Amino acid sequence: MQEVERAKIREIKAKIAAMLEERHALENKSPEKTRNKKAASVAEPSQYWSDFCSFFDYMLGLSEDSYAKLRLHTYHLTGDNYQNYYYGDKEKFLATSNLKLLTEGLPSKYILNEPEGGIGFKYEGGRFISRDILRFQQTISTFYRYKVMPEQAEKGQSKRVVVEIGGGYGGLIHHLSKIYQDAVYVLIDLPETSLFAAAYLSLLNPEKKVYVYDKKDFQKNLKSDRFKDFDFVILPNYILDSLTDLRFDLAINQSSFQEMTTKQVVKYLDFLKKTLTGSLYSLNRDHQPRNKELPNLTDLLKERFEILEVMDWKWNRDVDKKERRKSIKLWFKYILRIAATFLGFLPKPGKAQLPYHEYLCTQKKSQNLA
């Protein structure tokens, strides 16, 4: 690692430490400071994420040089561990990845690979694929097929603004920035996870300008669209109330709402009702089975937005009849199993993972931005 990169990581670590101190100060404000107390309660990690944050708190203590291997630590956020590929079955992974369906008909710029220093399986033709890449590919393929965002802004339009809530280590917006280059990407997340994103985006994009929240200059950069001078803007979730004058062309949440409390999800959705001019893309379960603080995400989305559920592309094109019959047979077996379980012929299964819902959400017709 070069000294300029070490200096950048030192600066990021210092800013993240300052964010944690600032959030801690919010928690300890006197009772009469009700607004700060409320902000702190929503900004605190859910119980689900409090556990995870404690598992990777060592990251602030890592040497700067260790950040050159940052991707080896991102499994804390996505579960995508390098050992899956070291010991895994390369051909089975490709056969079960659905990669062909995800990328069929896409221009080459929309087809993703792990960046240098990433993890995954390497295949012929330059393909470098991980589970995270498949997840990002699903989102970007949907953006292309549903024309969620034009490749270029309209003539005379200023830089577009994309916000991702709970962006993890920044992998998705890194790829988006390569496709939609005339946009600024705002990432709002816990300070603990913002450490990953700030380092990842800075090291992979040395030519781009990354702003990491600093209480000293935040207001100055927020005013007069000055933040559009940056390519990536990384902000802590506890300053959400300071951002209501912004307007976003696109909002993204991928596997993050499902891990929050109801109060936190409502806070974000109400914020987007005020600030979103385009679509909200959500790829989430209704809640994580271990998350007891969120009953049903879909219900919360439907209360506030018009929802289009993205259909499986396989059913929208002329697929091989044998493949379709096989899919119908599997669904038939699944329905029979549910019926048999309900009637008591089969034992109830243990806790199963709920299915993901892929939604494109837009403002309700009666909803006007403030």
Side-chain angles (χ1 to χ4, degrees), residues 38-39 42-43 46 48-49 135-136 138-150 153-154 157 160-168 172-173 176 180 183-190 233 235 237 239-288 291 293-313 315-316 354-370:
K38 183 178 179 182
V42 176
S46 63
Y48 180 92
W49 263 103
R135 189 162 50 88
F136 301 153
Q138 180 172 351
T139 297
I140 288 175
S141 297
T142 293
F143 284 4
Y144 176 78
R145 290 184 167 97
Y146 282 79
K147 298 179 173 59
V148 172
M149 189 172 170
E154 295 178 7
Q157 182 181 357
R160 293 174 293 182
V161 186
V162 177
V163 61
E164 184 175 15
I165 295 169
L172 177 59
I173 61 173
L176 283 172
Y180 308 105
V184 55
Y185 293 87
V186 179
L187 193 155
I188 302 173
D189 211 335
L190 298 169
V233 176
L235 305 174
N237 57 339
I239 65 163
L240 198 65
D241 289 337
S242 302
L243 307 177
T244 52
D245 288 337
L246 298 181
R247 292 295 176 264
F248 301 107
D249 298 280
L250 173 66
I252 301 167
N253 188 274
Q254 192 187 72
S255 305
S256 175
F257 281 154
Q258 65 190 29
E259 296 165 350
M260 299 183 189
T261 68
T262 298
K263 188 180 291 186
Q264 289 167 335
V265 173
V266 167
K267 176 83 172 177
Y268 280 121
L269 295 184
D270 288 347
F271 167 75
L272 291 175
K273 277 180 64 178
K274 297 176 184 176
T275 58
L276 183 61
T277 62
S279 299
L280 162 62
Y281 173 84
S282 171
L283 179 62
N284 286 278
R285 297 184 175 104
D286 276 330
H287 67 85
Q288 275 281 12
N291 180 13
E293 299 177 283
L294 178 69
N296 189 290
L297 174 61
T298 295
D299 290 345
L300 296 176
L301 289 168
K302 286 182 175 178
E303 287 173 11
R304 293 161 176 81
F305 295 96
E306 300 286 350
I307 289 182
L308 169 67
E309 183 156 15
V310 176
M311 301 299 291
D312 186 343
W313 306 310
W315 297 97
N316 293 328
L354 296 174
Y356 274 90
H357 295 289
E358 191 176 14
Y359 293 136
L360 287 171
C361 311
T362 52
Q363 298 284 5
K364 290 187 175 182
K365 292 178 182 178
S366 59
Q367 174 68 38
N368 294 316
L369 294 184

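Everything numeric here is computed off the predicted structure, so don't read it as measured data.
Closest approach of Trp49 to Leu190, counting heavy atoms only: CB-CD1, 4.4 Å. Here the closest non-hydrogen pair linking Gly167 and Asp189 is N-OD2, 3.2 Å.
With sequence neighbours left out, Asn253 forms a side chain to side chain contact (heavy atoms under 4.5 Å, CB included) with Ile165, Ser256, Phe257, Met260, Asn284. For Glu293, the side chain to side chain contact (heavy atoms under 4.5 Å, CB included) partners are Ser46, Gln47, Thr261, Asn291, not counting sequence neighbours.
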- Item | Intermediate values then yes/no, side chain to side chain contact (heavy atoms under 4.5 Å, CB included), Leu187 and Val233 | CA-CA 6 Å; Leu187 193 155; Val233 176; over 6 Å; no
- Message: side chain to side chain contact (heavy atoms under 4.5 Å, CB included) for Tyr48 and Gln288? Distances and angles first, verdict last.
- Response: CA-CA 9 Å; Tyr48 180 92; Gln288 275 281 12; 3.5 Å; yes
- Item | Derivation and outcome, side chain to side chain contact (heavy atoms under 4.5 Å, CB included), residues Ile252 and Leu280 | CA-CA 6 Å; Ile252 301 167; Leu280 162 62; over 6 Å; no
- Message: Under the criterion side chain to side chain contact (heavy atoms under 4.5 Å, CB included), I'd like the reasoning laid out for Arg304 against Lys364: C-alpha separation, chi angles, the key distance, then a yes or no.
- Response: CA-CA 7 Å; Arg304 293 161 176 81; Lys364 290 187 175 182; 5.8 Å; no
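Taken to the nearest 0.5 Å, the CD1 atom of Ile173 stands 14.5 Å off from the OH atom of Tyr180. Remark: Ile307 CD1 to Leu301 CG distance equals 4.5 Å, nearest 0.5 Å. Distance CG/Leu172 to CD/Gln254: 5.5 Å, rounded to 0.5 Å. The structure places CG of Asn237 at 7.5 Å from CD of Gln264, a figure rounded to the nearest 0.5 Å. Taking OG of Ser141 as the reference point, atom OH of Tyr146 lies at 11.5 Å (rounded to 0.5 Å). In this structure, OG in Ser282 is found 5.0 Å from CG in Leu297, a value given to the nearest 0.5 Å.
Looking at Lys267 and Asp241, a side-chain N of the basic residue comes within less than 4.0 Å of a carboxylate O on the acidic one, giving a salt bridge.
Contact check for Phe248 versus Thr277: no side-chain heavy atoms found under the 4.5 Å cut-off. Between Val162 and Val186 there is no side-chain heavy-atom pair separated by less than 4.5 Å. Between Arg285 and Pro355 there is no side-chain heavy-atom pair separated by less than 4.5 Å. Within the 4.5 Å cutoff, the side chain of Thr142 has heavy atoms near those of the Glu358 side chain. Between Val161 and Arg247, the closest side-chain pair of non-hydrogen atoms is not below 4.5 Å. Proximity of Leu294 to Leu300: side-chain heavy atoms (C-beta onward) are separated by under 4.5 Å at one or more points. With a 4.5 Å cut-off on side-chain heavy atoms, Leu276 and Leu250 do not count as touching. The side-chain heavy atoms of Thr262 and Val266, taken from C-beta on, include a pair separated by under 4.5 Å.
Counting heavy-atom neighbours within 6.0 Å of Asp299 CG, excluding the residue itself, gives a total above 12.
Relative ring orientation between Phe143 and Tyr281 is described as perpendicular, the plane-to-plane angle rising above 60° on a 0-90° scale split at 30° and 60°.
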